[in-house]
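Below is one structure, written out as C-alpha cells, with a few remarks after it.
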Amino acid sequence: MRQWAAFVKKEGLELLRSGRLFLLLLLFCLFGVMNPAIAKLTPWLMELMSDQLAESGMMVGEIVVDAMTAWTQFYKNMPIMLLVMVVMFGGIVVGELQKGTLIPIVAKGMKRGRILGAKALAVAAVWTGGSILSFAITYAYSAYFWDNGIAAYLFFGAFCFWLFGIWILSVILPASAFANSAAAVILTAGICFAVSYLLGLIPAVKPYSPVYLLESLPLLTGGTVTGDYTAALCVTAGLTVFHMIAGVWLFNRKLV
C-alpha cells in the first residue's frame, strides 16, 4: 500500500512539475468564465454587427439572454476540455513504456494493476476537479447576473457529462496496453466515441448509449427527466469498469 501511495504521489508531482495541472485548471477556469461572459456579451456583439447584417438583408430583433444561455455555452465548451484532456493524457502510460521507466518499478514488486490504478486516479482527479471548478464558476456568475432557477436538474446534468468524460478517459487504459504511441491511444478513444455515437443514432439503442449523456440540455429545459438517463448511466459505468479491468489484463501481458 505504501508503494501505491508513493506512486500516486509521484503522478501528482509529475503533473505539477510538467505544468499540465496548472494549464488544465487554468483552461477549466477560463471556460467557466467564458460561459456566462459570452452570454452576457451576445446582445452587445449582435448590436455591433447589426448594421452589417442589415446590409445583407438580415434584421436583428431584441436578444434576451439568461442563465440558460450561459449553461448552453457550458455544454458546448466542456467537450473541448474533454478533448484537451484526452490529448494531454493519451501518452500517460505509453510514454513511460517507451522510456522503460516502468520496468524497474515492476521489478521492485509493484503490481501492474496498481500502476494503472494510480494513473487512472490522477486522470480522474484532474477531470473531476476541473469539471467542478468550471461548473462552480459558471453557476456563480449565472446566479449573479440572472437566475439559475430557470434551469432544471443542473447538478444531475453536470454529473451525466462528468461520467461520460470518465468513460472516454478510461479508454486510455486498455488502449495504452496495446498501442505503441499516444496518437494511437487518442485514435482509439475517438473510435470508441464514434461507435457510441453511431449506435446512438438507432432509436432503440439511443437510451443505452454513453453519448446519450451528452444530451443534458433537454434536462435543463424540462424536455427530459432524470429517469430517462438511468440506462445510459448504468451502461457507461459498466463500460468504465470493463475498460479498467481490460486495461489491467492487457497490461499484465504487455510487460513480460
Side-chain angles (χ1 to χ4, degrees), residues 1 3-28 31 78-134 161-194 210 236-237 239-256:
M1 195 64 183
Q3 281 184 323
W4 186 77
F7 196 79
V8 171
K9 183 178 179 181
K10 171 246 182 192
E11 291 296 319
L13 289 174
E14 282 189 3
L15 285 173
L16 284 171
R17 291 169 181 170
S18 64
R20 283 186 296 176
L21 181 60
F22 175 77
L23 177 59
L24 285 169
L25 293 181
L26 181 63
L27 289 174
F28 275 112
F31 278 108
M78 284 303 288
I80 300 175
M81 279 307 309
L82 180 56
L83 176 61
V84 172
M85 287 278 298
V86 172
V87 172
M88 277 201 170
F89 289 104
I92 192 172
V93 179
V94 174
E96 292 203 46
L97 288 174
Q98 292 174 338
K99 296 175 184 176
T101 54
L102 290 181
I103 304 299
I105 298 174
V106 174
K108 291 180 180 179
M110 182 75 168
K111 292 184 178 180
R112 297 161 187 174
R114 290 183 177 180
I115 292 175
L116 279 189
K119 291 185 175 294
L121 179 61
V123 176
V126 175
W127 172 246
T128 302
S131 298
I132 292 174
L133 187 61
S134 187
F161 191 87
W162 169 82
L163 183 60
F164 175 83
I166 290 292
W167 168 67
I168 283 292
L169 293 170
S170 72
V171 177
I172 292 174
L173 300 182
S176 296
F178 66 80
N180 295 319
S181 66
V185 174
I186 297 169
L187 179 61
T188 303
I191 291 173
C192 286
F193 172 80
T236 304
L239 286 174
T240 301
V241 174
F242 171 76
H243 289 158
M244 295 179 68
I245 295 174
V248 173
W249 185 82
L250 292 169
F251 196 47
N252 284 333
R253 282 150 184 78
K254 177 139 187 160
L255 284 178
V256 293

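Heavy-atom basis, side chains included; hydrogens, waters and symmetry copies ignored.
- Taking the side chain to side chain contact (heavy atoms under 4.5 Å, CB included) definition, one finds that A125 meets it with nothing, sequence neighbours left out.
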Derivation and outcome, side-chain contact (heavy atoms from CB on, under 4.5 Å), residues S134 and M81
CA-CA 10 Å; S134 187; M81 279 307 309; over 6 Å; no
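- Residue pairs meeting the salt bridge (Lys or Arg N to Asp or Glu O under 4.0 Å) criterion with at least one partner in residues 119-128, sequence neighbours excluded, are E11-K119, E96-K119.
- Screening residues 123-133 for side chain to side chain donor-acceptor pair (under 3.5 Å) gives T128-W162 as the qualifying pairs, with residues at least two apart or on separate chains.
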Run the side-chain contact (heavy atoms from CB on, under 4.5 Å) test on W167 and F242 for me, step by step, so that the C-alpha distance in whole Å, both residues' side-chain angles and the decisive distance to 0.1 Å come before the verdict.
CA-CA 10 Å; W167 168 67; F242 171 76; over 6 Å; no
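- Taking each heavy atom of L239 and P210 in turn, the nearest pair found is CD1-CG, 3.9 Å.
- Across A237 and L163, no two heavy atoms sit closer than the pair N-CD2, 4.4 Å.
- What you find for R20 and M88 is that their closest heavy atoms are NH1-O, 3.2 Å.
- Nearest heavy-atom pair, L82 versus G165, reported as atom, atom and distance to 0.1 Å: CD1-CA, 3.7 Å.
- With sequence neighbours excluded, the residues forming a side chain to side chain contact (heavy atoms under 4.5 Å, CB included) with L26 are F22, listed by chain and number.
- Considering L250, V185, L116 as possible partners of S176, the one that fulfils the side-chain contact (heavy atoms from CB on, under 4.5 Å) test is V185.
- Summarising the geometry of M85 relative to V123, their closest heavy-atom pair is CE-O, 3.7 Å, with the distance given to 0.1 Å.
- L21 meets the side chain to side chain contact (heavy atoms under 4.5 Å, CB included) test with L15, L16, L25, V126; sequence neighbours excluded.
- Here the shortest heavy-atom pairing between A120 and L173 reads CB-CD1, 3.9 Å.
- Listed by chain and residue number, nothing satisfies the ring pair (Phe, Tyr, Trp, His ring centres under 6.0 Å) test with F89 (two or more places apart in sequence, or in another chain).
- Considering only residues two or more places apart in sequence or on other chains, S170 meets the side-chain hydrogen bond (donor to acceptor under 3.5 Å, both in side chains) condition with H243.
- Residues passing the side chain to side chain contact (heavy atoms under 4.5 Å, CB included) test with V241, sequence neighbours excluded: I245.
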